Structures are given as structure tokens and as C-alpha cells.
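Structure first, then comments.
We name chains A, B, ... by the order of the sequence lines, and we start the count at 1 in each one. Note that this is a predicted model, so its numbers are computed, not measured.
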2 protein chains.
Amino acid sequence: MPNDASLATRFDEWQAQGFDAEACPVRNVLDRIGDKWTSLLLVALAAKPRRFSELHRAVPDISKRMLTQSLRDLQRDGLITRHVFPTKPPSVEYRLSPLGQSAMAPLASLIDWAERSFAEIKASRAAFDAGDTSEQMSAA
Amino acid sequence: MPNDASLATRFDEWQAQGFDAEACPVRNVLDRIGDKWTSLLLVALAAKPRRFSELHRAVPDISKRMLTQSLRDLQRDGLITRHVFPTKPPSVEYRLSPLGQSAMAPLASLIDWAERSFAEIKASRAAFDAGDTSEQMSAA
DNA sequence: GGTCTTCGGTCTCTATTCAAGACCTACTGT
DNA sequence: ACAGTAGGTCTTGAATAGAGACCGAAGACC
């Protein structure tokens with residue numbers, strides 16, 4: 001069962017292993033999750049399989065270039081599968097693989113946290129931007 | 001309780017709201033989590049409070065510039081706090097705020113998933129890079 | 001028959017962001 | 001006196017993201 005302590009322990013282990021980017025799951029996997037679009041696409045596909053243009057409409061401000069690239073990355077990592085139908089204008093459907101579905105639970109818990117904490121984060125940002133220099137000068 | 005269905009529902013809600021980046025917790029929060037360094041720093045600070053150079057040593061291949069900037073972002077979002085001690089060479093300690101600690105549980109579950117799935121992801125990447133074009137042509 | 005739109009992309013070009021490393025002030029040890 | 005440490009900032013090049021043009025084939029429109 002993961003908790004803060006085991007996280008810290010694992011951090012030490014990763015560090016001991018020289019923090020090789022190839023070997024470190026955090027760097028490998030979280031870099032992809034945080035890829036600005038990929039998590040959004042995963043959530044979009046969690047609802048149901050969708051086609052390319054459908055995804056493009058669902059996530060309005062992604063460019064085709066980035067959509068293509070993000071889908072390729074997701075496919076490469078085995079989180080989604082790509083199905084080509086040789087229809088008159090070709091249609092391509094993307095759907096979550098079992099591996100991708102297994103990611104939804106932890107991803108949902110993160111999103112859940114994000115929604116719960118969003119007000120507090122926004123408040124903190126506002127305070128920070130207002131010049132709130134609440135830095136403790138311990139033992140002046 | 002979050003599950004796939006509620007995620008999908010929320011996605012529809014975000015979409016209905018015009019997907020304003022300001023209002024969407026996923027884009028706001030996940031963008032930061034996936035900021036390449038921030039989650040790593042959060043994990044590093046989960047173990048214990050650390051000082052600037054200590055963090056720089058703990059995460060070997062981050063540049064000072066990015067370390068400074070990532071810490072500022074984290075501080076701005078209220079996930080960490082910054083404590084300046086007016087010692088002879090000034091020392092600055094960073095530590096997780098309560099909000100930051102509340103993020104560790106979902107983050108840990110994601111990292112847990114990442115470690116469990118890493119082998120499968122690596123295998124998938126290898127297959128993909130080997131030119132495994134396993135695209136289903138339904139109804140040839 | 002000619003033109004317009006859809007679909008799933010690719011290509012090019014520009015703007016932003018990242019990363020490496022020099023530099024800075026103040027102090028400390030040798 | 002000189003180098004080194006601490007916590008950064010600044011400058012400069014490299015990688016990356018985004019906007020939008022283009023493409024081929026097939027309908028649908030007129």
C-alpha cells in the first residue's frame with residue numbers, strides 16, 4: 001500500500017540507481033500523463049471510443065499536429081488502440097486499452113484531488129501574485 | 001467516489017463550460033503535476049524538508065534555473081512553503097504545505113500504477129518501435 | 001460535370017519554452 | 001588572499017508547441 005513513507009523510500013531507491021530516466025517510472029510515466037493533452041484525451045476516451053475529428057471537437061484548442069502526436073504517444077505506450085475502418089472517407093477510432101483503463105482509477109483520484117483543491121490553489125495563486133511574501137524569517 | 005463514469009460525466013461538463021482553461025481543474029492542476037520536475041520535487045519533499053542545494057543534488061539533472069522556477073510555481077500554488085533562515089550564507093528550506101501533503105495520496109496511487117505498469121509500457125513501446133502495425137482493418 | 005466539404009492526417013514556419021552555464025553577493029575556511 | 005558554498009539571476013542556443021496550409025479520395029450539391 002503506497003503512502004508517503006514508501007514514496008520517500010522509493011525516491012531514495014531511484015536516486016541510488018542514478019536516476020536513470022529510462023529506469024525511473026515517475027519520469028517515464030508522469031511525463032506522459034502530464035503531457036498537457038494526454039490525460040485530457042484519456043479522460044475523453046474513458047467515456048467512449050472516439051474518432052479523430054470527434055476528439056478534435058471534444059478538445060477544442062488542440063491542434064491537429066498535437067492531437068496526432070499525443071495519440072501516437074498514447075498508442076506507443078499501449079494505453080490506447082487505433083482502429084482503421086476503410087470507409088469512404090477513412091475513419092479511425094481510438095479506444096482505451098485494458099492498460100489504459102487500468103490507469104483511469106489513479107488518474108481519477110488525482111483529478112478528484114484537483115477539483116477538491118482547486119479553490120484553495122486559486123486562492124494561493126491570487127495571494128502570491130498580490131505580492132504576499134509570507135516567507136518565514138526564522139530567528140531573525 | 002470517482003470512477004470512469006463520473007470522469008466521463010465531468011468531462012462533458014467541462015466541455016459544456018467551453019473548456020475554459022481557467023476553470024478546468026484538469027488543465028490547471030495536471031499541467032503542473034506533469035511539469036516534468038514538479039512531481040519529482042513533491043516526492044523529494046515528501047520525505048523531509050530540504051534546502052535548495054539539497055534538492056539540486058537530489059534531482060541531479062535539473063538546472064538551477066528550472067529548479068528555481070519549479071519551486072516558485074509550487075509555492076505559488078500553495079503546495080510548498082519557503083522558509084528563509086538568515087544564516088551567514090543564507091539557507092532556504094522548502095517543505096510540503098498541508099495542501100501539498102494532501103496531494104501525496106493521489107500522486108502516490110499514480111506512481112504506484114506507473115511502477116506496476118512500467119514493464120508493460122516498455123514492452124508496448126518496443127513493439128511499436130519495431131514497426132508492429134497492429135491496426136485492425138475491420139471489414140476489409 | 002464541376003465545385004465544396006469531410007476525414008485523417010502531414011508539412012512548414014514561427015513563437016514559446018527549456019536547458020547549460022556564466023555570473024553575482026556575502027561569508028567561511030585554510 | 002583565494003577558493004568554495006549558498007541561493008539564486010541572466011544570457012544564449014536548442015528543442016518543442018502551435019497555427020495553419022496542403023493532400024488525396026469520396027460523396028453531396030447544384
Tell me: [atom1] of [X] to [atom2] of [N], nearest whole Å?
{"X": "A:D61", "N": "D:dA19", "atom1": "CG", "atom2": "P", "answer": "8 Å"}
{"X": "A:F85", "N": "D:dA25", "atom1": "CZ", "atom2": "C1'", "answer": "19 Å"}
{"X": "A:D31", "N": "D:dA17", "atom1": "CG", "atom2": "P", "answer": "11 Å"}
{"X": "B:D35", "N": "D:dA17", "atom1": "CG", "atom2": "P", "answer": "13 Å"}

**Between CD1 on residue A:I80 and CG on residue A:L99, distance to nearest 0.5 Å** = 11.5 Å
**Item:** Reported CG-to-CG distance for the pair B:D35 and A:D31, which is rounded to 0.5 angstrom
**Value:** 9.5 Å
**Prompt:** Using a cut-off of less than 4.0 Å, is there contact between a side-chain N or O of A:W37 and OP1 or OP2 of D:dG18?
**Reply:** yes
Where the side chain of [X] meets the backbone of [Y], is there a donor-acceptor pair that is under 3.5 Å apart?
{"X": "A:S97", "Y": "A:T81", "answer": "no"}
{"X": "B:T68", "Y": "B:K64", "answer": "yes"}
{"X": "B:S53", "Y": "B:H56", "answer": "no"}
{"X": "A:S63", "Y": "A:M66", "answer": "yes"}

**Asked** When every nucleotide of nucleotides 6-11 of chain D is labelled 5' to 3' by its protein contacts under 4.0 Å (heavy atoms), B for base, S for sugar-phosphate only, - for none, what sequence of letters results?
**Response** SBBBBB
**Residue met sooner reading DNA chain D from 5', once A:T87 and A:K36 are mapped to nucleotides** = A:K36
**Item:** chain B contact limits on DNA chain C, taken 5' to 3' with a cut-off of 4.0 angstrom to heavy atoms
**Value:** C:dC18 to C:dT28
**Fill in**
When A:R82, A:Q75, A:H83 are each screened for side-chain hydrogen bond (donor to acceptor under 3.5 Å, both in side chains) with A:Y94, the one that passes is A:R82
**Asked** How close do A:L45 and A:R50 get, heavy atom to heavy atom, and via which atoms?
**Response** CD2-N, 3.7 Å
